[in-house]
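Contents: one structure, followed by commentary.
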Amino acid sequence: MNNKYEYWKNQTLVNRTFTNNAVAVEYFTLAEFIMNNYKARMETIQNPLLHIISHCLELILKDIITFAIENNYISERRNTIIHVHNIEKLIELLLHIFKKISVENCCSIEDKEYFSNIFPIKCKRLVDILKTETTTYRYAEKIDQHGNAIGKGHPFEHDGESANILELKTLFKDCYDAICYTSFIMDWMFPKQEEG
């Protein structure tokens, strides 16, 4: 390849990715790009797209939850959280964080509304739409340890139950932004101490 700029522009730099939050940003960027630019029927890319969205949420949720645990804001065990892949379980912990922030003395009136009503409603709705756990959207079937199919790769029976990208796109962005804002608030509440 003669064009060094073009070559460098297309070089992956996974060796520079050090946190799950950084990977979550990559998943978010990819999901947003797809939803904004893919013009064909969503059913042709539905499972990979829903997996990208779900995994993005899983990573960013684990990041904020482990931060809350490490700063003794919630009492959970970090080792159990890092192995949870069910977003419903992770969202329960996020809702607990929202509730705690909403009653903090430093929480503004506007933020109280966000943390006690707006953010929880949107996050619960997103989880209801996705119904995701470890293997959801990754495979057509769930397989047991013996290689036998034990169920579908998703929990939906009818077309109308599956996620609609128009609703999901807005909720995904709103929830991602809510989690990022919560992270910002928690960074302010628990600033990193300088070493040395």
Side-chain angles (χ1 to χ4, degrees), residues 14 16-33 35 49-138 163 167-195:
V14 292
R16 297 184 186 185
T17 307
F18 300 111
T19 67
N20 282 336
N21 192 43
V23 177
V25 171
E26 293 173 5
Y27 273 105
F28 178 80
T29 304
L30 182 58
E32 281 278 291
F33 179 81
M35 289 186 286
L49 176 58
L50 294 173
H51 176 67
I52 288 167
I53 291 169
S54 299
H55 198 58
C56 171
L57 291 170
E58 177 187 335
L59 291 173
I60 197 168
L61 284 167
K62 285 181 178 181
D63 187 64
I64 195 164
I65 291 165
T66 55
F67 183 83
I69 292 168
E70 289 165 359
N71 286 282
N72 298 313
Y73 198 63
I74 60 172
S75 57
E76 292 290 328
R77 289 187 38 219
R78 183 183 181 280
N79 287 344
T80 58
I81 297 307
I82 58 176
H83 296 292
V84 171
H85 302 287
N86 186 318
I87 290 186
E88 289 178 0
K89 291 179 182 176
L90 295 171
I91 281 290
E92 287 176 19
L93 294 170
L94 179 67
L95 295 176
H96 182 59
I97 293 168
F98 285 167
K99 186 174 181 179
K100 285 192 73 150
I101 291 174
S102 75
V103 296
E104 291 282 351
N105 289 334
C106 60
C107 190
S108 71
I109 292 170
E110 296 86 5
D111 279 354
K112 283 184 192 302
E113 178 65 15
Y114 281 120
F115 286 108
S116 62
N117 292 317
I118 297 170
F119 291 169
I121 288 169
K122 289 181 184 251
C123 289
K124 286 179 195 175
R125 177 66 184 141
L126 182 63
V127 169
D128 287 344
I129 289 173
L130 288 174
K131 296 188 185 329
T132 185
E133 57 185 64
T134 311
T135 58
T136 309
Y137 311 120
R138 290 176 61 197
E167 181 181 12
L168 184 63
K169 179 181 174 183
T170 302
L171 275 173
F172 175 55
K173 173 124 176 52
D174 289 349
C175 292
Y176 185 87
D177 290 348
I179 296 166
C180 290
Y181 185 62
T182 305
S183 182
F184 170 78
I185 296 294
M186 293 192 70
D187 282 342
W188 178 79
M189 291 170 59
F190 302 104
K192 291 184 179 168
Q193 301 298 317
E194 295 293 326
E195 294 183 31

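Here the structure is a predicted model, which means the values were calculated and not measured.
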Mind checking side chain to side chain contact (heavy atoms under 4.5 Å, CB included) for [X] and listing every partner two or more places apart, or none if nothing turns up?
| X | result |
| --- | --- |
| Asn71 | Phe67, Phe190 |
| Glu167 | Arg125, Ile129, Leu171 |
| Thr29 | Val25 |
| Cys123 | Ile91, Leu94, Phe98, Cys175 |

For this session: Would you check if Asn21 and Ile64 make a side-chain contact, meaning some heavy-atom pair closer than 4.5 Å?
Result: no

Problem set entry | Residues forming a side chain to side chain donor-acceptor pair (under 3.5 Å) with Asp63, sequence neighbours excluded | none

Salt bridge (charged side-chain N to carboxylate O under 4.0 Å, His left out) against [X], all qualifying residues, sequence neighbours excluded:
| X | value |
| --- | --- |
| Lys99 | none |
| Asp177 | Lys173 |
| Lys169 | none |

Exercise. When you measure from the side chain of Lys62 to the backbone N and O of Val84, does any donor-acceptor pair fall under 3.5 Å?
Worked result: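 Yes; at least one donor-acceptor contact below 3.5 Å.
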
Exercise. Would you say Thr182's side chain and Ala178's backbone share a donor-acceptor pair under 3.5 angstrom?
Worked result: yes

Problem set entry | Partners passing ring pair (Phe, Tyr, Trp, His ring centres under 6.0 Å) against Phe28 (at least two apart in sequence or in another chain) | Phe172, Tyr176

Would you list the atom pairs, donor with acceptor, under 3.5 Å between side chains in residues 106-116 and any protein atom, with sequence neighbours excluded?
unit_1	atom_1	unit_2	atom_2	d
Ser108	OG	Glu110	OE1	3.4
Ser108	OG	Asp111	N	3.1
Asp111	OD1	Tyr181	OH	3.1
Asp111	OD2	Tyr181	OH	2.8
Lys112	NZ	Ser102	O	3.0
Lys112	NZ	Glu104	O	3.4
Glu113	OE1	Asn117	ND2	3.0
Glu113	OE2	Asn117	ND2	3.4
Ser116	OG	Lys112	O	2.5

Problem set entry | Within residues 68-95 or reaching into it, pairs that qualify as salt bridge (charged side-chain N to carboxylate O under 4.0 Å, His left out) - sequence neighbours excluded | Glu70-Arg78

